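Order of the sequence lines fixes the chain letters, A, B, ..., with proteins taken first and strands second; residue numbering starts at 1 for each chain. Since this is a predicted model, take the numbers as computed values, not measurements.
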Number of protein chains: 2
Amino acid sequence: MLRNMPDLSRGGPGDDADAAAVNALRSAVIRLSRRLKHQRVDESLSPTEMSVLGTLARCGSATPGELARKEHVQPPSMTRIVALLEAKGLVRLEPHPDDRRQKVVSQTERAEAMLEESRRRRNAWLASLAEGLDEDEWAKLRAAAPVLEKLAHL
Amino acid sequence: MLRNMPDLSRGGPGDDADAAAVNALRSAVIRLSRRLKHQRVDESLSPTEMSVLGTLARCGSATPGELARKEHVQPPSMTRIVALLEAKGLVRLEPHPDDRRQKVVSQTERAEAMLEESRRRRNAWLASLAEGLDEDEWAKLRAAAPVLEKLAHL
DNA sequence: CAGGGTAATGAGTTATGCTAAGGAACATGC
DNA sequence: GCATGTTCCTTAGCATAACTCATTACCCTG
């Protein structure tokens, strides 16, 4: 049962090509996120916890509120996540220098080591995926990765 | 089988770049999926239900098992999702012509109309996002969309 | 110093997936 | 043709991870 498949090669903001791209993007992102959930490198860390550690690695330290906004999670959820990470010795909580309401979350050396390890393990997953993609497809993925990041926190 | 697999021992050109890309991709996909969850067009439909409807729209009709595989969900979950969609009058269940164990799920006219409406609403979201992306970034996104879809069901 | 606004958190609920187990329909051996 | 094993959908029970609402502590302005 064939349906209207708009031309993806043609461009211009707001037209059918973009709508179709967004459609495909949404579907792919949802299914991929489900896969990633299952494909987690470390059983003891949820995807969001991993994501938070990644954000901390990129941005240095941040307050729980900042992290919640970046990860698109409600503050109470971030409180929980940070508490779990702290219990595992992966982040450190310090009082905010200027505002005693806030706290500053930063990663520990242990988190650093863990990220390195996880990076190594991800290469295996990467390699298995590489079998299904040609170099051109990889190039497109690499090109789009920063755009997706921008989209994620836009 | 190992055509494009990066050389892990040497750390060649595709290695670190690919690892970084996968890193960024994972993080972006997780956060984006969370955003999409909130951006849902119809409050009564979960993201997965939407994704299933999208799949049905692309592929015509399918059995619950096929849908479960496509969406990377276990069969019992798909049973429930399909049941919910049926209760909402968005899909129709018919007996399989050849195999009476299976069923055939197809979308109703109402789902058709709903998808059209949702497509229209997504354009608003799209327009708001378009302000933050230039044409070059959109082009990269369009190019990567099919690759992401491939990745999602690889 | 009173009052509004913001940060983090605690408690309870909801959503959404999973595993285990079962029943019906097919496929294949003899 | 029937017994056996397999496949498909489903039911039931459970786990996780998010959310909302309410609370407390703190900052800042008038």
Side-chain angles (χ1 to χ4, degrees), chain A residues 27 29-40 42-53 61-88 91-106 152, chain B residues 29-40 42-53 55 61-88 91-106 152:
Chain A
S27 176
V29 164
I30 287 173
R31 287 184 288 184
L32 249 183
S33 79
R34 203 148 30 222
R35 270 199 94 176
L36 284 167
K37 224 169 166 173
H38 241 319
Q39 201 81 32
R40 62 177 68 173
D42 189 326
E43 279 307 316
S44 65
L45 252 60
S46 80
T48 307
E49 290 174 292
M50 274 305 289
S51 192
V52 168
L53 283 184
S61 50
T63 69
E66 283 171 355
L67 287 174
R69 280 188 292 276
K70 277 183 210 283
E71 298 292 327
H72 291 286
V73 158
Q74 293 301 309
S77 303
M78 189 50 70
T79 292
R80 225 176 98 83
I81 292 163
V82 166
L84 287 173
L85 287 175
E86 191 192 18
K88 288 167 191 160
V91 303
R92 199 188 343 267
L93 272 115
E94 288 155 7
H96 194 283
D98 303 330
D99 188 338
R100 281 189 316 191
R101 291 171 305 179
Q102 306 186 47
K103 295 177 180 177
V104 176
V105 185
S106 54
Chain B
V29 163
I30 287 174
R31 286 184 290 182
L32 249 183
S33 79
R34 206 149 24 221
R35 272 199 90 174
L36 285 167
K37 225 170 165 172
H38 289 299
Q39 181 260 333
R40 59 175 71 171
D42 188 327
E43 279 308 316
S44 65
L45 250 62
S46 79
T48 307
E49 288 173 294
M50 273 304 290
S51 190
V52 168
L53 283 184
T55 298
S61 49
T63 69
E66 284 169 355
L67 286 174
R69 281 187 292 277
K70 279 184 209 280
E71 298 291 327
H72 286 105
V73 158
Q74 292 302 308
S77 303
M78 190 50 71
T79 291
R80 201 171 43 177
I81 292 163
V82 166
L84 287 173
L85 286 175
E86 191 192 19
K88 289 168 189 159
V91 303
R92 199 187 345 265
L93 272 117
E94 287 155 5
H96 195 283
D98 303 330
D99 186 340
R100 282 188 315 190
R101 290 171 305 178
Q102 305 187 47
K103 295 178 180 176
V104 176
V105 185
S106 54

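One interatomic measurement links the two molecules: CG of B:Leu93 to C1' of D:dC9, which rounds to 11 Å at whole-angstrom precision. Rounded to an integer number of Å, the gap from CD of B:Glu94 to P of D:dC9 is 15 Å. Spacing between atom CZ of B:Arg69 and atom P of D:dT7 amounts to 11 Å, rounded to whole angstrom units. Atoms CZ (B:Arg101) and P (D:dT10) sit 13 Å apart, rounded to a whole Å.
Remark: side-chain polar atoms of B:Lys88 are not paired, donor with acceptor, to backbone N or O of B:Leu45 under 3.5 angstrom. For the pair A:Lys70 (side chain) and A:Ala62 (backbone), a donor-acceptor distance under 3.5 Å is absent.
Taking A:Arg80 as the reference, nothing meets the salt bridge (charged side-chain N to carboxylate O under 4.0 Å, His left out) condition, with sequence neighbours excluded. Take A:Pro47 and apply the side chain to side chain contact (heavy atoms under 4.5 Å, CB included) test, not counting sequence neighbours, and it matches A:Lys37, A:Arg40, B:Ile30. Remark: B:Thr63 pairs with no residue by the side-chain hydrogen bond (donor to acceptor under 3.5 Å, both in side chains) rule, at least two apart or across chains. Shown here are the side-chain hydrogen bond (donor to acceptor under 3.5 Å, both in side chains) partners of A:Arg101, two or more places apart in sequence or in another chain: A:Asp99.
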Treating primed atoms plus P, OP1 and OP2 as sugar-phosphate and everything else as base, which nucleotides of nucleotides 17-22 of chain D get B, S or - for protein heavy atoms under 4.0 Å? SSBBB-

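Using a 4.0 Å cutoff to heavy atoms of chain B, the contacted part of DNA chain C runs 5' to 3' from C:dT16 to C:dC26.
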Might you work through the side-chain contact (heavy atoms from CB on, under 4.5 Å) test for B:Val73 and B:Leu67, ending with a clear yes or no? CA-CA 8 Å; B:Val73 158; B:Leu67 286 174; over 6 Å; no

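Between B:Arg34 and A:Glu71, the shortest heavy-atom contact is NE-O, 3.0 Å.
Phosphate proximity of D:dC9 to B:Thr63: present, with a side-chain N or O under 4.0 Å from OP1 or OP2.
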